[in-house]
Amino acid sequence: MGMLRTIKLILSHPLNQSQKLAAILRYARWQIGSRVLGAPIAIRFVDQTRLLVRRGMKGATQNIYCGLHEFEDMAFVLHTLTDSDGFVDVGANIGSYSILAAGAVGARCVSIEPILSTYTHLIDNVRLNGIDDRVMALNIGIGKERGILRFTYSFDSVNHVLAESEKGNESIKVEVECLDEILSDFEPMIIKIDVEGFETNVITGAHKVLSRNSLFAVILELNGSGDRYGFDENDIHRRMLNYGFGTFRYLPFERKLVALDGTNAHSGNTLYIRLNAQGNVATRLRDARKYMTSVGIEV
């Protein structure tokens with residue numbers, strides 16, 4: 001991501017609207033400090049949680065500049081979960097969502113990251129926050145069935161299952177399982193799925209899980225990346241609607257859900273909420289306590 005684009009994203013972020021100069025200074029301090037130190041830095045995240053971040057972690061560093069990188073979805077996790085709930089983080093990367101769920105809220109969490117080097121950073125963040133007892137971290141991939149797939153490993157937060165058109169790229173073999181097997185004894189309230197276009201196969205292997213009424217919401221990345229595998233993301237969307245979910249946008253400052261009338265967000269993540277749980281979710285959002293972000297603004 002180029003510098004100008006990064007700065008544009010920083011300045012447009014909801015948590016930076018009243019402090020744009022401070023946001024630019026955070027960006028400058030990180031760019032200079034991370035180069036000087038040349039080592040991972042434990043940065044403040046939400047409330048008492050911290051993230052161990054190193055230069056080059058494009059998604060994670062956005063949390064430094066903006067407090068919550070994916071503002072609406074991260075705030076939804078904070079405001080919906082309680083410490084008696086379960087959360088599943090598919091494509092956990094270094095654990096930003098997992099730390100919010102298990103560290104800030106205190107929920108139980110299954111965190112799944114297929115790339116060993118990234119999984120190591122995830123474990124470091126779990127240990128940094130002292131939440132080993134609430135996080136089960138798995139170094140595997142997720143698909144429609146058990147097996148082995150090849151993954152890219154040098155693309156930071158956008159590593160993915162190797163597509164046929166990418167056979168010349170460097171890759172590693174990763175064991176793959178399906179969510180129905182992994183979650184047979186674990187009932188999540190929210191699942192976040194960010195697998196860079198492989199969502200179709202993840203959903204296929206999660207029929208039992210997606211049929212549970214105890215699953216209130218799924219945060220699903222549908223941004224066109226499925227094209228690399230020949231997947232039709234409109235098909236995923238239809239399947240989610242058939243499981244009894246509707247699509248919504250969450251406005252964190254207002255604590256309000258806005259119905260999208262079954263349409264797909266088409267950019268970034270789509271928030272699916274089970275329609276018969278919508279009232280329960282709305283009550284949780286309204287009653288949740290406030291959390292202090294690293295940029296000094298409560299949500």
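Heavy-atom basis, side chains included; hydrogens, waters and symmetry copies ignored. Residues take their numbers from the sequence shown, with the count starting at 1.
Across every non-hydrogen atom of A277 and F216, the tightest pair is CB-CD1, 3.7 Å. Nearest heavy-atom pair across I115 and T152 is CD1-O, 3.2 Å. In terms of heavy-atom proximity, A107 sits nearest to L81 at CB-CD1, 4.3 Å. Across every non-hydrogen atom of T61 and K58, the tightest pair is OG1-O, 3.1 Å. Summarising the geometry of I99 relative to R50, their closest heavy-atom pair is CG2-O, 4.1 Å, with the distance given to 0.1 Å. When all heavy atoms are compared, the tightest approach of V195 to V202 is CG2-CG2, 3.9 Å.
Atom-to-atom distance recorded for L183:CG and L210:CG is 10.0 Å, nearest 0.5 angstrom. Between the CG atom of L222 and the OG1 atom of T270 there is a distance of 4.5 Å, given to the nearest 0.5 Å. Note: N159 CG to F151 CZ = 9.0 Å, rounded to the nearest 0.5 Å. The CG atom of D85 sits 8.0 Å away from the CG atom of D83 when rounded to the nearest 0.5 Å.
Looking only at distances, no side-chain donor or acceptor of T80 sits under 3.5 Å from a matching main-chain atom of V77. A side-chain donor-acceptor contact under 3.5 Å links R26 to the backbone of Y65. Side-chain atoms of T204 come within 3.5 Å of backbone atoms of T200 as a donor-acceptor pair (strictly under, hydrogens ignored). When atom types are taken as modelled, the side chain of Q48 and the backbone of R44 share no donor-acceptor pair closer than 3.5 angstrom. Under the 3.5 Å distance criterion, the side-chain polar atoms of Y97 are left unmatched by any main-chain donor or acceptor of V88. Remark: side-chain polar atoms of R55 are not paired, donor with acceptor, to backbone N or O of S34 under 3.5 angstrom. One N or O on the side chain of R255 and one on the backbone of L285 form a donor-acceptor pair closer than 3.5 Å. Using a distance-only test at 3.5 Å, with no hydrogens or angles considered, no donor-acceptor pair links the side chain of Q278 to the main chain of R274. Remark: the backbone N or O of A163 is paired with a side-chain donor or acceptor of E166 at under 3.5 angstrom. The backbone N or O of L116 lies less than 3.5 Å from a partner atom in the side chain of T120, making a donor-acceptor pair.
The environment of E175 atom CD is sparse: at most 12 non-hydrogen atoms of other residues, nucleotides or ligands sit within 6.0 angstrom. The number of heavy atoms from other shown groups lying within 6.0 Å of CZ (R239) is above 12. With a 6.0 Å radius and a threshold of 12 heavy atoms from other residues, nucleotides or ligands, R249 has its CZ atom at or below the threshold.
Taking the six-membered ring for Trp and the full ring otherwise, the centers of Y243 and F245 sit at least 6.0 Å from each other. For H160 and F198, the gap between ring centers reaches or exceeds 6.0 Å. For F253 and F71, the distance between ring centers is under 6.0 angstrom.
Within the 4.5 Å cutoff, no side-chain heavy atoms of D73 are placed close to those of Y250. Between L271 and T247 the shortest side-chain heavy-atom distance does not fall below 4.5 Å. Annotation: side chain of L162 is in contact with side chain of S171 (closest heavy-atom distance under 4.5 Å). Using a 4.5 Å heavy-atom cutoff, the side chains of N201 and F231 are in contact.
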Determine all donor-acceptor pairs shorter than 3.5 Å in which one atom belongs to a side chain in residues 137-148; sequence neighbours excluded.
residue: N139; atom: ND2; partner: E113; partner atom: O; Å: 3.0
residue: N139; atom: ND2; partner: P114; partner atom: O; Å: 3.1
residue: R146; atom: NH2; partner: E181; partner atom: OE1; Å: 3.3

N/O donor-acceptor pairs under 3.5 Å from side chains in residues 292-299, not counting sequence neighbours:
residue: T293; atom: OG1; partner: I297; partner atom: N; Å: 3.4
residue: T293; atom: OG1; partner: I297; partner atom: O; Å: 2.7

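By the rule that hydrophobic residues join a cluster once side-chain heavy atoms approach within less than 4.5 Å of another member, Y27 and L37 end up as members of one cluster. Residues I190 and L275 share a single hydrophobic cluster, defined by chaining ILVMFWY side chains whose heavy atoms lie under 4.5 Å apart.
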*After noting the C-alpha distance and the side-chain angles of I94 and T118, does the key distance pass the side-chain contact (heavy atoms from CB on, under 4.5 Å) rule?*
CA-CA 6 Å; I94 70 165; T118 308; 4.3 Å; yes

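Listed by first and then second residue, the salt bridge (charged side-chain N to carboxylate O under 4.0 Å, His left out) pairs that reach into residues 188-217 are D89-K192, sequence neighbours excluded.
A salt bridge links D47 with R289; the closest basic N to acidic carboxylate O contact falls under 4.0 Å.
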